[in-house]
Amino acid sequence: MAVEGKAIDALSQFELATTFGPIGRAVGFTQSNLHMLIAGALIVALMVIGMRPRAMVPGRLQSLAESAYGFIDEMLLAQVGPEGRRFFPFVFTLFMFVLFGNMLGLFPYAFTYTSHISLTFTLAMLVFVLITVVAIALHGKHFFGYFFPEGAPLWLAPIIIPVEIVSYLSRPVSLSIRLFANMVAGHVMLKVFATFVVMLGALGTLGPLLSIMPLAINVALVGFEVLVAFLQAYVFAILTCIYLHDAVHLH
Amino acid sequence: MPQLDFSNPLMLSKLVWLLIIFGLLYFVLKNYALPQVAAVLDERAARIAADLNAARDAQAAGEAAMAELRAATAAARSEAQAAVASAIAEANAKAAAEAEAINRRLDVQVAEAESRVRAARDSAMGALREVALDTTQAMLARLRVQAPANDVAAAVDRAAGGRG
């Protein structure tokens with residue numbers, strides 16, 4: 001699937017295609033969206049079926065659901081404080097959506113929707129719009145004081161204000177590129193080494209023996225990618241929390 | 001890189017579907033899934049707090065009972081000590097009274113005995129004069145000395161009286 005005329009094609013895995021036949025084609029429903037649906041269904045299933053026993057002493061699935069809840073709850077409380085409770089459903093949805101997207105992408109034949117910059121940037125823009133709206137709603141005109149810290153010498157204003165504005169506007173960019181780049185890099189590497197396995201395996205007598213090396217690398221890479229999948233979801237969530245802290249408290 | 005091919009119409013439709021799916025997920029989680037988790041966690045926290053309170057109450061009750069027991073023990077001990085002390089004092093007083101009564105009786109008997117001894121001595125002393133007189137007369141008779149009886153008696157009396 002990746003070897004076409006002995007060339008390594010690591011990027012075709014990111015190509016969009018419609019699913020569900022003509023209906024999907026008519027509404028532009030891609031395999032990316034299908035994986036979003038699967039991820040969403042899994043998240044809802046985890047939270048609803050996992051919590052169904054409502055046990056005082058939780059079982060495995062309930063523990064998983066509760067620790068996911070507690071993880072984001074504590075993160076918000078630590079970063080934003082008690083005012084952060086309001087944003088809990090949003091941050092939780094964001095974290096789980098990114099985490100399940102990253103994890104789902106590691107399954108064979110699966111599509112990694114977080115490997116598209118358009119998607120990560122859209123999510124980052126959701127965060128950016130949210131923090132800006134929250135900051136303006138809470139602080140009104142004082143929000144613009146964010147770009148010029150109190151006590152700074154006035155003559156520095158021409159330097160500080162543009163720098164602050166640029167750093168504020170670059171938030172969604174850095175947020176989206178970090179996730180996108182990590183996912184793409186991981187999947188490209190997996191695909192490249194997987195292609196090596198196939199290419200070396202076709203070499204002849206020694207080939208299958210040599211192909212063990214890239215295979216071993218790929219096994220290690222998958223473990224590494226699981227870590228990256230979790231870590232990037234965590235980074236996305238915690239940066240959202242930090243931005244929310246700035247929006248709520250203005251420094 | 002397919003991700004940067006923004007001319008692809010699927011890019012936009014994908015994002016529209018993303019917003020729909022993400023919004024749906026947010027709605028379901030916010031309104032159904034998460035409140036359920038919160039309810040279970042709150043219930044557990046309340047249960048733990050209640051149990052802790054109950055344990056704390058039980059501990060306080062136990063400590064109170066312990067203190068009560070300690071106080072009762074101390075009271076019983078002091079009562080017992082008082083009873084023992086009073087019994088000892090009573091016994092001592094009784095013993096002292098008995099000893100005194102015995103002493104009195106003994107004194108009386110001693111006094112009686114002494115008076116009897118004195119009477120006996122006096123009577124013995126009276127007899128002694130007669131014995132002395134008789135002995136004197138016998139000795140005078142053996143020495144063949146003639147003396148009037150009255151002088152002899154006076155001389156004996158003088159000798160006996162001189163000695164007390």
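Naming: A, B, ... by sequence-line order, numbering from 1 per chain. Just so you know, these numbers come straight off a predicted model, no measurement behind them.
Here the closest non-hydrogen pair linking Ser13(B) and Gly28(A) is OG-O, 2.7 Å. Nearest heavy-atom pair across Met1(B) and Leu11(A) is CA-CD1, 4.1 Å.
Heavy atoms of Ser118(A) lying under 4.5 Å from chain B belong to its backbone as well as its side chain. Heavy atoms of Ala39(A) lying under 4.5 Å from chain B are absent altogether. With a 4.5 angstrom heavy-atom cutoff, Ala41(A) does not touch chain B via any of its atoms. Only the side chain of Leu41(B) comes within less than 4.5 Å of a heavy atom of chain A; its backbone N, CA, C and O stay farther away. Contacts of Leu25(B) with chain A are made by both backbone and side-chain atoms, with heavy-atom separations under 4.5 Å. When heavy atoms are compared at a cutoff of 4.5 Å, Tyr32(B) does not approach chain A at all. For Phe29(A), the parts sitting under 4.5 Å from any heavy atom of chain B are the backbone and the side chain alike. At a 4.5 Å heavy-atom cutoff, Leu12(B) makes no contact with chain A through either its backbone or its side chain. Residue contact with chain B, scored on non-hydrogen atoms closer than 4.5 Å, is absent for Leu46(A). Residue Leu4(B) touches chain A through its side chain alone, counting heavy-atom pairs closer than 4.5 Å. Heavy-atom distances place the side chain of Ile21(B), and not its backbone, under 4.5 Å from chain A. For Phe180(A), the part lying under 4.5 angstrom from a heavy atom of chain B is the side chain only.
The closest side-chain heavy-atom distance from Met36(A) to Trp17(B) is not below 4.5 Å. Residues Val40(B) and Gln62(A) have side chains in contact (heavy-atom distance under 4.5 Å, counting atoms from C-beta outward).
Surrounding CZ of Arg47(B) are at most 12 heavy atoms belonging to other residues, nucleotides or ligands under 6.0 Å away. For CG of Asn31(B), the number of neighbouring non-hydrogen atoms (other residues, nucleotides, ligands) closer than 6.0 Å is greater than 12. Atom CZ of Phe107(A) has 12 or fewer neighbouring heavy atoms from other residues, nucleotides or ligands inside a 6.0 Å radius. Heavy-atom contacts from other residues, nucleotides or ligands closer than 6.0 Å to CD1 of Ile23(A) number 12 or fewer. Heavy-atom contacts from other residues, nucleotides or ligands closer than 6.0 Å to CD of Gln109(B) number more than 12.
The choice from Glu66(A), Met47(A), Met96(A), Arg52(A) that makes the most heavy-atom pairs within less than 4.5 Å of chain B is Glu66(A). With chain B as partner, the option from Val27(A), Asp73(A), Val184(A) having the largest number of non-hydrogen pairs under 4.5 angstrom is Val27(A). Of the listed residues (Asn8(B), Leu29(B), Val37(B)), the greatest number of heavy-atom pairs within a distance under 4.5 Å of chain A belongs to Val37(B).
Within the model, atoms CD of Glu43(B) and CE of Met56(A) stand 4.5 Å from one another, a figure rounded to the nearest 0.5 Å. The CG atom of Leu18(B) sits 5.5 Å away from the CG atom of Leu123(A) when rounded to the nearest 0.5 Å. Distance check: Asp5(B) CG to Phe14(A) CZ gives 14.5 Å after rounding to the nearest 0.5 Å. Leu34(A) CG to Lys14(B) NZ: the interatomic distance, rounded to the nearest 0.5 Å, is 14.0 Å. Interatomic distance, CD of Gln3(B) versus NE2 of His116(A), reported as 4.5 Å (0.5 Å rounding).
Arg44(B) places a side-chain N or O within 3.5 Å of a backbone atom of Ala55(A) that can act as its donor or acceptor partner.
A side-chain contact (heavy atoms from CB on, under 4.5 Å) with Tyr26(B) holds for exactly one of Leu126(A), Leu94(A), Thr93(A); it is Thr93(A).
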